[in-house]
Amino acid sequence: QVQLVESGGGLVQAGGSLRLSCAASGRTFSTTFMGWFRQAPGKEREFVAHINWGGGSTSVAASVKGRFTISRDNAKNTVYLQMNSLKPEDTAVYYCASAPGFGATYNYWGQGTQVTVSS
């Protein structure tokens, strides 16, 4: 059992920045990867970034490379998504998710937080 709660979304102008947080609780020892996904209305859910919970290695989608950074604070059981140089196309609901191993399904999800980037 892993519970995830996202926060930090909001309305920002193009070119601005936001930092999303995902607080994890429960059986976090089962988590190997934490990921960020986003979904805009009428579109498929899209991978944004993930981080190895123990080792700290990261990967980001090409669409956000150079603008978004994923990080973690193990003491706080929290993963972050720093979003810089935001574009209107980044507008979506952002979700945090947990996976128990490499190649495993992201089987725990947060409720999502809305990010809106104005032109």
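Predicted model only: the values in this text are computed from it and were never measured.
- A 4.5 Å side-chain heavy-atom check between Ile51 and Ser57 finds every atom pair outside the cut-off.
- The same ILVMFWY cluster, assembled from side-chain heavy atoms under 4.5 Å apart, contains both Leu20 and Ile70.
- Pairing each heavy atom of Lys43 with each of Gln39, the nearest pair is O-NE2, 3.1 Å.
- Residues Phe37 and Val2 do not share a hydrophobic cluster, clusters being chains of Ile/Leu/Val/Met/Phe/Trp/Tyr side chains in contact below 4.5 Å.
- Asn77 CG to Ser25 OG: the interatomic distance, rounded to the nearest 0.5 Å, is 8.0 Å.
- In terms of heavy atoms, Val60 sits closest to Ala49 at CG1-CB, 3.7 Å.
- Residues that satisfy the side chain to side chain donor-acceptor pair (under 3.5 Å) test with Gln82, not counting sequence neighbours, are Asn84.
- The CG atom of Leu81 sits 9.5 Å away from atom SG of Cys96, with the distance rounded to the nearest 0.5 Å.
- Listed by first and then second residue, the salt bridge (charged side-chain N to carboxylate O under 4.0 Å, His left out) pairs that reach into residues 57-82 are Arg67-Asp90, sequence neighbours excluded.
- In this view, Ser118 satisfies the side chain to side chain donor-acceptor pair (under 3.5 Å) rule with no residue, not counting sequence neighbours.
- Annotation: side chain of Glu89 is not in contact with side chain of Ser63 (no heavy-atom distance under 4.5 Å).
- Follow the hydrophobic side-chain contacts under 4.5 Å out from Val64 and you reach Leu18 in the same cluster.
- The cluster map of Ile, Leu, Val, Met, Phe, Trp and Tyr, joined by side-chain heavy atoms under 4.5 Å apart, puts Met34 and Tyr95 in different clusters.
- The stretch residues 48-86 participates, sequence neighbours left out, in these ring pair (Phe, Tyr, Trp, His ring centres under 6.0 Å) pairs: Phe33-His50, Phe47-His50.
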Could you go step by step and tell me if Leu4 and Ser98 meet the side chain to side chain contact (heavy atoms under 4.5 Å, CB included) rule? CA-CA 8 Å; Leu4 305 172; Ser98 172; 4.1 Å; yes
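- Listed for the Glu6 side chain is a donor-acceptor partner under 3.5 Å among the backbone atoms of Gln111.
- The minimum heavy-atom distance linking Ala99 with Ala104 is given by the pair CB-O, 4.0 Å.
- The distance from the CE atom of Met83 to the CH2 atom of Trp36 is 9.0 Å, given to the nearest 0.5 Å.
- Here Ala23 pairs with Thr78 under the side-chain contact (heavy atoms from CB on, under 4.5 Å) rule; sequence neighbours left out.
- Nearest heavy-atom pair, Ala92 versus Ala40, reported as atom, atom and distance to 0.1 Å: CB-N, 3.9 Å.
- Qualifying side-chain contact (heavy atoms from CB on, under 4.5 Å) partners for Thr116, counting only residues two or more places apart in sequence or in other chains: Leu11, Thr91, Gln114.
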